[in-house]
Amino acid sequence: MKKIAVVGTGYVGLVTGVCLAEIGHDVTCIDVDQEKIDLLKSGKSPIYEPGIEELISKNVASGNLRFSLETQDAYEVGVIYIAVGTPQKKDGSADLQFVEEVAKRIAHNIKNDVVVVTKSTVPLGTNHSILKIIKEHLQVEVSVDIASNPEFLREGSAIYDSFNGDRIVIGVENDRTALILEEINKPFNIPIFKTDIRSAELIKYAANAFLATKISFINEIASICEKVGANVEDVSMGMGKDHRIGSQFLNAGIGYGGSCFPKDTSALLHIAKEAGYQFEILSSVIKINENQKSVLIKKAKERLGTFHGKRIALLGLSFKPNTDDMREAASIDISNQLIEEGANVKAFDPVATNAAKNLLHPTIQYVGSINEAIQDADAVFILTEWKEIVHFPITNYVKFMKHPIIFDGRNCYHLEEISQHSLDYYSIGRPTSKAIDR
């Protein structure tokens, strides 16, 4: 068992701390936000992530997990994880102000030798900058080693991913630090890949950029499918059966969003530019993704003619299911354009409503069920593939809407099932199904 401090109780920090406690370590999660710490001490999570509150309660009760404001006692540990946000600047680069502040606070508080592990996604060279900052601000003479340990968690399944990952990447400068991190992570029983610090920093960006590329690629294939009469789901399935390609991240839709892909692709593009390299593929990936957000709007305009005075229902607001994260969600751009062009918008999301209210247009009406959202609607936009939406009875669209028209940005329904009902159905990269054809 190691005594560990995790600085930052956002998405990455909280999941990291809870899971390290679950495998037996003595973990203190540190934050400067009193309200957040009080919430966590009460057993509640400030983020929506399936299973996290159960693990918080379990490990607080066992004594493996505690939550603390910034105190010197909280830093009396052997290993400190930095897990604070690195938001995107206007130029696409990562904003490191929070990471740098933590480095200074570590220097001011530590009284013994420590290993500082960067969990936050940071540009190349950041770990060495962290070490430099710490050494410049140390109050006592101690030894500090650094390590890069990027996370590969998917929002909505982060707890599962923590215990079932493909690999744990650690970037280190010496064997002693590597051994410490190997001992910490051994109970996860996941293969550990050791490398140098700069390579570890780049692995996270490269991995996310490649997955984003797969998404943009299949969305381009979807556009071709619509023009030639093919079905992107069959194309994707046929591609995915090739083990060299794989089926994951080949689902056509209205683009990627969230806290990682948009930020990390832009950051990697900036890193490449700073290094004097034009990353042409990644530039296209980002451009394609931006364009993909408007696909449903274009389809709806062609079908409806105008949005002025139309009643539109939005189903799903978060960027993906099983999270309340609204960062870079397609619902933001789509809802703004609908309202700008005179539509009356109702919205339903099983989890993200409160988060959405802080971001979306104030005229949007939020309702507590799909039936309420679609009642007398002129059209429905499906923006997130929540299970509540995927399993929603198609007959209810016919029952509650004026003239059922669905624009499905996540291909939630099988075309064979849709064809059995009297409605117009537009999806991504698949043939349109119209009531008039039946």
Side-chain angles (χ1 to χ4, degrees), residues 10-12 47-49 85-90 92 94 121 151-158 161 204-205 207-220 222 248-269 282-298 314-338 345 347-361 364 381-387 389-390 407-412 427-429:
Y11 191 85
V12 173
I47 61 168
Y48 180 84
E49 178 63 36
T86 54
Q88 182 178 321
K89 291 181 180 179
K90 289 183 178 179
T121 303
E151 53 84 20
F152 301 95
L153 305 176
R154 297 169 299 168
E155 291 189 49
S157 58
D161 289 347
K204 173 62 186 292
Y205 285 115
N208 277 352
F210 185 78
L211 295 176
T213 299
K214 289 184 75 173
I215 294 172
S216 286
F217 179 84
I218 200 63
N219 282 332
E220 289 286 83
Q248 293 189 26
F249 293 87
L250 284 180
N251 296 318
I254 45 177
Y256 57 77
S259 62
C260 291
F261 285 7
K263 177 172 69 73
D264 291 353
T265 50
S266 294
L268 182 54
L269 199 63
L282 195 55
S283 296
S284 296
V285 166
I286 295 169
K287 181 180 179 182
I288 291 164
N289 194 65
E290 282 302 307
N291 293 339
Q292 199 66 18
K293 293 178 182 179
S294 64
V295 166
L296 285 192
I297 290 287
K298 292 176 182 176
L314 303 184
L315 302 185
L317 300 172
S318 57
F319 87 94
K320 64 177 284 189
N322 298 321
T323 180
D324 61 352
D325 196 340
M326 289 289 299
R327 284 173 286 187
E328 301 290 335
S331 61
I332 299 172
D333 289 347
I334 289 173
S335 62
N336 283 341
Q337 188 163 350
L338 288 170
V345 178
F348 165 78
D349 190 288
V351 168
T353 296
N354 288 335
K357 287 178 179 178
N358 296 323
L359 287 173
L360 303 188
H361 197 279
I364 292 176
F381 281 50
I382 298 176
L383 306 182
T384 316
E385 62 275 33
W386 284 95
K387 65 179 181 180
I389 297 169
V390 173
F407 299 96
D408 185 354
R410 300 299 180 186
N411 292 353
C412 288
S427 54
I428 307 297

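Computed from a predicted model, the values in this text were never measured in an experiment.
Applying the salt bridge (Lys or Arg N to Asp or Glu O under 4.0 Å) test to Lys263 and every residue at least two apart in sequence or in another chain returns nothing. For the side chain to side chain donor-acceptor pair (under 3.5 Å) test, residues two or more places apart in sequence or in another chain that qualify with Asp264 are Asn208. Evaluation of the side chain to side chain contact (heavy atoms under 4.5 Å, CB included) rule for Ala356 yields Leu317, Met326, Leu360, Tyr366 as partners, not counting sequence neighbours. With sequence neighbours left out, the side chain to side chain contact (heavy atoms under 4.5 Å, CB included) criterion links Gln337 to Ile297, Lys301, Glu341.
With rounding to the nearest 0.5 Å, the separation of CD1 in Ile334 from CG in Leu383 is 4.5 Å. Distance check, rounded to the nearest 0.5 Å: CZ of Phe319 to CD1 of Ile332 gives 11.5 Å. Residue Asp324 holds its CG atom at 9.5 Å from CD of Glu49, rounded to the nearest 0.5 Å. Atom CG in Asp333 sits 12.5 Å away from atom CD in Gln292 (nearest 0.5 Å). We find the CD1-CD1 distance between Ile218 and Ile288 to be 12.0 Å, quoted to the nearest 0.5 Å. Here Leu315 contributes atom CG and Ser331 contributes atom OG; the two are 11.5 Å apart, rounded to the nearest 0.5 Å.
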>> Applying side-chain contact (heavy atoms from CB on, under 4.5 Å) to Asn322 and Trp386, what does each step give before you reach the verdict?
In response: CA-CA 7 Å; Asn322 298 321; Trp386 284 95; 3.9 Å; yes
>> side-chain contact (heavy atoms from CB on, under 4.5 Å), that's the test. Do Ile428 and Arg410 meet it? Break it down for me.
In response: CA-CA 7 Å; Ile428 307 297; Arg410 300 299 180 186; over 6 Å; no
> Given Ser335 and Leu314, is the side-chain contact (heavy atoms from CB on, under 4.5 Å) satisfied, shown in steps?
Replying inline: CA-CA 8 Å; Ser335 62; Leu314 303 184; 3.7 Å; yes
> What's the verdict on side-chain contact (heavy atoms from CB on, under 4.5 Å) for Lys320 and Glu385, showing C-alpha distance, side-chain angles and the deciding distance?
Replying inline: CA-CA 7 Å; Lys320 64 177 284 189; Glu385 62 275 33; 5.5 Å; no
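Here the side chain of Thr265 pairs no donor or acceptor atom with the backbone of Ile286 at under 3.5 angstrom. In this structure, the side chain of Ser216 does not engage the main chain of Thr213 through any donor-acceptor pair within 3.5 Å. Lys204 contributes no side-chain N or O that, together with a main-chain N or O of Phe152, makes up a donor-acceptor pair within less than 3.5 Å.
Phe217 CZ: 12 or fewer foreign heavy atoms inside a 6.0 Å radius.
Scanning both residues, Ser266 and Pro262, for their nearest heavy atoms gives OG-O, 3.1 Å. Across Ala352 and Thr323, no two heavy atoms sit closer than the pair CB-O, 4.5 Å. Closest heavy-atom contact between Ile382 and Cys412: CG2-SG, 3.8 Å.
With a 4.5 Å cut-off on side-chain heavy atoms, Pro321 and Thr384 count as touching.
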Can you give each donor-acceptor pair under 3.5 Å made by side-chain atoms of residues 248-261, sequence neighbours left out, with the distance rounded to 0.1 Å?
residue : atom : partner : partner atom : Å
Ser259  : OG   : Glu155  : OE2          : 2.8

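The side chain to side chain donor-acceptor pair (under 3.5 Å) pairs that include a residue from residues 351-361 are His361-Thr363, where partners are two or more places apart or lie in different chains.
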